2 protein chains.
Amino acid sequence: MEIRRQDIHSSDVPVVCKACEARHGGVCAALSPDQLLELSKHSTRQRLEAGTEVIGQGETVTNYSNIIRGVVKLTKVMADGRQQIVGLQFAPDFIGRPFLTESAIAAEAATDSEICNFSRGVLDRLVKNAPELEHKLHRQALKELDEARDWMLTLGRKSAQEKVASFLYLIATHIDPESVDTSSFDLPLSRADIADFLGLTIETVSRQFTKLRKENVIHIENNRHVTIPDMDRLMRYAGND
Amino acid sequence: MEIRRQDIHSSDVPVVCKACEARHGGVCAALSPDQLLELSKHSTRQRLEAGTEVIGQGETVTNYSNIIRGVVKLTKVMADGRQQIVGLQFAPDFIGRPFLTESAIAAEAATDSEICNFSRGVLDRLVKNAPELEHKLHRQALKELDEARDWMLTLGRKSAQEKVASFLYLIATHIDPESVDTSSFDLPLSRADIADFLGLTIETVSRQFTKLRKENVIHIENNRHVTIPDMDRLMRYAGND
DNA sequence: GCTCCTGTTTGATTTTGATCAAGCAAATGC
DNA sequence: GCATTTGCTTGATCAAAATCAAACAGGAGC
């Protein structure tokens with residue numbers, strides 16, 4: 001932090017993106033200094049209030065983003081309004097779909113967030129000449145694919161109770177991976193969002209929370225703050241032995 | 001088949017993999033002739049009867065494969081035996097999880113199939129020096145991710161009838177993409193597999209088939225051969241407007 | 001031919017989660 | 001202060017799909 005960009009450069013070329021400062025380990029981490037400079041010219045840091053849409057379903061992708069802080073939900077909606085959250089992205093995840101111009105999903109800030117936006121065209125051009133960058137994006141895609149498939153098992157085969165427990169376990173392990181104690185955290189999603197993630201209704205989610213609370217699997221304060229006294233016990237409730 | 005490896009070797013460098021002959025447009029299509037020769041030395045063509053496992057959940061990945069013919073299902077099982085199909089792969093799809101040694105899913109031939117197996121180590125090495133190859137694998141991963149997310153909406157938010165109709169639509173559009181008429185085909189999956197793909201029981205799948213048949217959305221002969229008189233109508237039943 | 005499988009269908013009943021409907025508590029506006 | 005809104009919980013009822021159970025049809029083996 002105390003190292004200023006100007007200091008570490010030969011001819012004053014910034015080695016970190018001016019917008020996000022590359023502290024977060026996103027795609028910029030795979031770039032050489034001059035590639036970073038190039039991308040940095042087309043980057044803007046953006047604060048998002050919870051609920052702000054990053055991109056809508058069916059819209060043209062003109063930007064990619066890195067998440068610097070916060071949680072972004074990826075959603076798909078049906079014509080009649082039924083909605084499914086198909087992914088949750090945490091810092092320093094990448095948001096965007098390389099090689100396609102139209103977004104098949106919407107992305108929306110679930111919590112107050114900060115993202116680093118950069119031009120699609122510029123990154124696409126950089127990808128062509130930077131194998132290391134494509135490798136990074138490839139790994140990100142594979143990570144999301146693994147997560148999606150894990151979640152398919154949850155959606156298709158788990159009971160409401162197992163689904164809610166699985167969700168809590170997911171959040172506990174993702175919300176703050178640096179933290180030593182992952183057993184106490186604020187839920188990044190409302191009950192409605194949790195329902196959309198789990199393929200349930202808000203009433204069912206609420207009832208399962210109550211049930212888990214009564215069985216002392218979780219403690220809840222102010223509707224949003226959750227404490228897990230026994231993570232292994234939660235895992236068993238989630239059906240993951 | 002009548003071209004023997006020995007014939008096309010030494011000075012005549014083969015431009016196709018000896019095992020799969022690269023007719024299928026799999027990863028080999030992204031390789032240069034000498035890369036192909038290298039990979040070809042560590043490739044074997046393999047016939048799989050329906051039900052044969054390609055790799056088990058939790059096993060170490062020592063090989064990747066290309067599907068030459070047939071349908072391969074990707075499954076995840078829970079400790080108590082509940083099972084979910086998390087992906088269906090058709091020729092010329094790639095099977096494998098680059099950059100991870102342990103497979104989080106099982107792969108099993110759903111129909112009689114042929115695959116081209118090649119050494120993981122060799123392909124991994126080639127990937128490092130062939131950006132075009134990593135690009136190909138990256139696109140494959142993104143395609144599978146798009147499909148997985150589409151299916152999450154189906155699993156989480158659709159009714160049994162919509163799920164079955166969605167499955168039929170998926171098969172119609174994937175089983176033989178070259179064919180002009182995609183409205184008549186053999187189901188590559190048993191009712192039990194379909195249930196595992198849709199997060200339903202076999203009884204529910206069977207009842208929905210009967211219902212769709214009675215409403216003339218589909219015709220079925222010999223339990224496996226399906227004809228779709230009106231694809232748009234099926235799509236409406238699937239909830240895709 | 002027959003019997004034994006296996007995969008599928010159909011029927012009766014139960015269970016789970018959805019729906020419909022209040023109620024409640026904290027936050028926001030006036 | 002009080003009314004309103006918003007997000008969540010709780011209760012009563014309903015419907016969809018699961019479960020339990022039986023029957024059926026086509027093949028394989030004898």
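None of the values given here were measured: they were computed from a predicted structure. Below, chain A is the first sequence line, B the second, and so on; all start at residue 1. What's counted below: heavy atoms across the whole structure, side chains too, no hydrogens, waters or symmetry copies.
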**Asked** Pick from I171(A), I175(A), L74(A): which one makes a side-chain contact (heavy atoms from CB on, under 4.5 Å) with L88(A)?
**Response**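 The option that passes is I171(A).
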
**Request:** Shoot me the first and last contacting nucleotide of DNA chain D against chain A, ordered 5' to 3', at under 4.0 angstrom to non-hydrogen atoms.
**Result:**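 Listing 5' to 3', DNA chain D meets chain A from dC8(D) to dA12(D).
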
**Message:** I'd like to know whether CG of D181(A) has more than 12 heavy-atom contacts from other residues, nucleotides or ligands below 6.0 angstrom.
**Reply:**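 Result for CG/D181(A): enclosed.
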
**Item:** Exceeds 12 heavy-atom contacts within 6.0 angstrom, atom CZ of R47(B)
**Value:**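 Not buried by this count: 12 neighbours or fewer within 6.0 Å.
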
**Request:** Walk me through it: do Y237(B) and L168(B) pass the test side chain to side chain contact (heavy atoms under 4.5 Å, CB included)?
**Result:** CA-CA 10 Å; Y237(B) 271 75; L168(B) 290 168; over 6 Å; no

Is the shortest distance from a Lys or Arg side-chain nitrogen in [X] or [Y] to a carboxylate oxygen in the other one below 4.0 Å?
X	Y	answer
E203(B)	R207(B)	no
D196(B)	K73(B)	no
E162(A)	R157(A)	no
K76(A)	D150(B)	yes

Could you list the protein-to-nucleotides 6-10 of chain C atom pairs, N/O on both sides, closer than 3.5 Å?
{"from": "dT8(C)", "atom 1": "OP2", "to": "R191(B)", "atom 2": "N", "distance (Å)": "3.1"}
{"from": "dT8(C)", "atom 1": "O3'", "to": "N223(B)", "atom 2": "OD1", "distance (Å)": "3.4"}
{"from": "dT9(C)", "atom 1": "OP1", "to": "R191(B)", "atom 2": "NH2", "distance (Å)": "3.1"}
{"from": "dT9(C)", "atom 1": "OP2", "to": "R191(B)", "atom 2": "NE", "distance (Å)": "2.8"}
{"from": "dT9(C)", "atom 1": "OP2", "to": "S206(B)", "atom 2": "OG", "distance (Å)": "2.8"}
{"from": "dT9(C)", "atom 1": "O5'", "to": "S206(B)", "atom 2": "OG", "distance (Å)": "3.0"}
{"from": "dT10(C)", "atom 1": "OP2", "to": "T210(B)", "atom 2": "OG1", "distance (Å)": "2.6"}

**Distance in angstrom units between L198(A) CG and dT16(C) P, rounded** =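 Distance, rounded to whole Å: 18 Å.
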
**Request:** Using the criterion of both pairing distances under 3.5 Å for Watson-Crick and G-U wobble pairs, give all stems of 3 or more consecutive pairs involving DNA chain D.
**Result:**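 Expected stems, ordered by start: C:1-30 with D:1-30.
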
**Prompt:** Can you find a heavy atom in the side chain of H42(B) that is under 4.5 Å from one in the side chain of F118(B)?
**Reply:**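 They are not in contact (no side-chain heavy atoms under 4.5 Å apart), so the answer is no.
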
**Message:** So L198(A) and W151(A), do their side chains get closer than 4.5 Å, heavy atoms only?
**Reply:**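 Result yes, sub-4.5 Å side-chain heavy-atom pair found.
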
